[in-house]
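Lettering follows sequence order; numbering is per chain, from 1.
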Amino acid sequence: MTPVEILDEMGKLFPNARCELAHEDNYQMAVAVVLSAQTTDASVNRVTPALFAKYPDVYALANGSLDEIADCIKSLGLYRNKARSIQGMAKGIVDRFDGKVPDNMRDLTSLPGIGRKCANVILSECFNVPALAVDTHVNRIAKRLGLAKADDSLMDVERKLKRKIPRDRWIQAHHQMIFFGRYLCHAQHPACKQCPFTGICLYLRKKAK
DNA sequence: ATCCCGAGGG
DNA sequence: CCCTCTGGAT
């Protein structure tokens, strides 16, 4: 199967693959994606309504009390780091980018809490820039389906996927692989009986012997 | 016990 | 490269 054929199959399984972080603007998206580290989107969506009601924009978040911000997001875990990150990010956006979420990799990753993965998500979701964010799901799926090697770094995986997938499908591919990983090819106990890729799956092959 | 749309620091 | 941060869901 070619990479594009694999993606087409995923598209049939999950035709509604899209960003599941609830957000109404770029500010909310940037905050939500930073909060999403090591947590489920569902958990993030549980805390963001109150967070955004209390801090409706970057200026409010930049000027908020760090303890109160942390309190809003406590149920997510890593909450002290995340509180520092989102407030530092808000301050950086206010001080250096005129209150607007930047639209390029270098500026985004200069902000606290935003690494390459979050920057890629923001670029694609907020600005429709061709990007392919490699998160835990994309990493796992790419390796199980032989699109990358088991010991490849996240950057290696991103490069290989970008080489194998047409640019105009990068954003869609990201969501398709996430949905496939989140709802079928789980980290533990993947639903192999429903999977169309058992013929090429390295996880299954390894498991068999 | 393991994983969840990671980043920063050593 | 490694480690730490962290609570909730399964």
Taking any heavy-atom pair under 4.0 Å as a contact, classify [X]: base, sugar-phosphate, or nothing.
X: A:Cys118; value: sugar-phosphate
X: A:His174; value: base
X: A:Ala133; value: nothing

Heavy-atom pair of closest approach, residues A:Ala119 and A:Thr109: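 Taking A:Ala119 first and A:Thr109 second, the nearest heavy atoms are CB-CG2, 3.9 Å.
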Given atom [atom1] of [X] and atom [atom2] of [N], what is their separation to the nearest angstrom?
X: A:Met155; N: B:dA7; atom1: CE; atom2: P; answer: 13 Å
X: A:Phe180; N: B:dC4; atom1: CZ; atom2: P; answer: 14 Å
X: A:His189; N: B:dC4; atom1: NE2; atom2: C1'; answer: 15 Å
X: A:Leu108; N: B:dG6; atom1: CG; atom2: P; answer: 17 Å
X: A:His137; N: B:dT2; atom1: NE2; atom2: C1'; answer: 13 Å
X: A:Asn139; N: B:dA7; atom1: CG; atom2: P; answer: 13 Å
X: A:Leu35; N: B:dC4; atom1: CG; atom2: P; answer: 18 Å
X: A:Arg140; N: B:dC4; atom1: CZ; atom2: C1'; answer: 10 Å

Pairwise [atom1] distance for [N] and [M], with rounding to whole Å:
N: C:dC1; M: B:dC4; atom1: C1'; result: 24 Å
N: B:dC5; M: C:dT4; atom1: P; result: 24 Å
N: C:dT6; M: B:dG10; atom1: P; result: 16 Å
N: B:dG8; M: C:dG8; atom1: C1'; result: 23 Å

Name of the residue among A:Lys143, A:Glu158, A:Arg159 meeting side-chain contact (heavy atoms from CB on, under 4.5 Å) with A:Asp152: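 Considering A:Lys143, A:Glu158, A:Arg159, a side-chain contact (heavy atoms from CB on, under 4.5 Å) with A:Asp152 is found only for A:Lys143.
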Residue of the set A:Asp107, A:Leu108, A:Val31 for which side-chain contact (heavy atoms from CB on, under 4.5 Å) holds with A:Val101: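 Answer to the side-chain contact (heavy atoms from CB on, under 4.5 Å) test with A:Val101 among A:Asp107, A:Leu108, A:Val31: A:Leu108.
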Looking at [X] and [Y], would you say the former's side chain and the latter's main chain have a donor-acceptor pair under 3.5 Å?
X: A:Lys91; Y: A:Ile86; value: no
X: A:His23; Y: A:Gln28; value: no
X: A:Arg84; Y: A:Pro112; value: no
X: A:Asn45; Y: A:Thr40; value: no

Protein-to-nucleotide contact annotation, 5' to 3' order, nucleotides 1-10 of chain C [B base; S sugar-phosphate only; - none; under 4.0 Å, heavy atom]: ----BBBSS-
Phosphate OP1/OP2 of B:dC3: any A:Arg182 side-chain N/O under 4.0 Å: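 No, no such contact exists.
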Taking only N/O atoms, report every protein-nucleotides 8-10 of chain B pair under 3.5 Å with atom names and distance.
unit_1 : atom_1 : unit_2   : atom_2 : d
B:dG8  : OP1    : A:Gly113 : N      : 2.7

Within-4.5 Å side-chain heavy-atom neighbours: A:Met29 and A:Cys19: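 Yes - at least one pair of side-chain heavy atoms lies under 4.5 Å apart.
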Interatomic distance, A:Ile178 atom CD1 to A:Asp135 atom CG [nearest 0.5 angstrom]: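 These two atoms lie 4.0 Å from each other.
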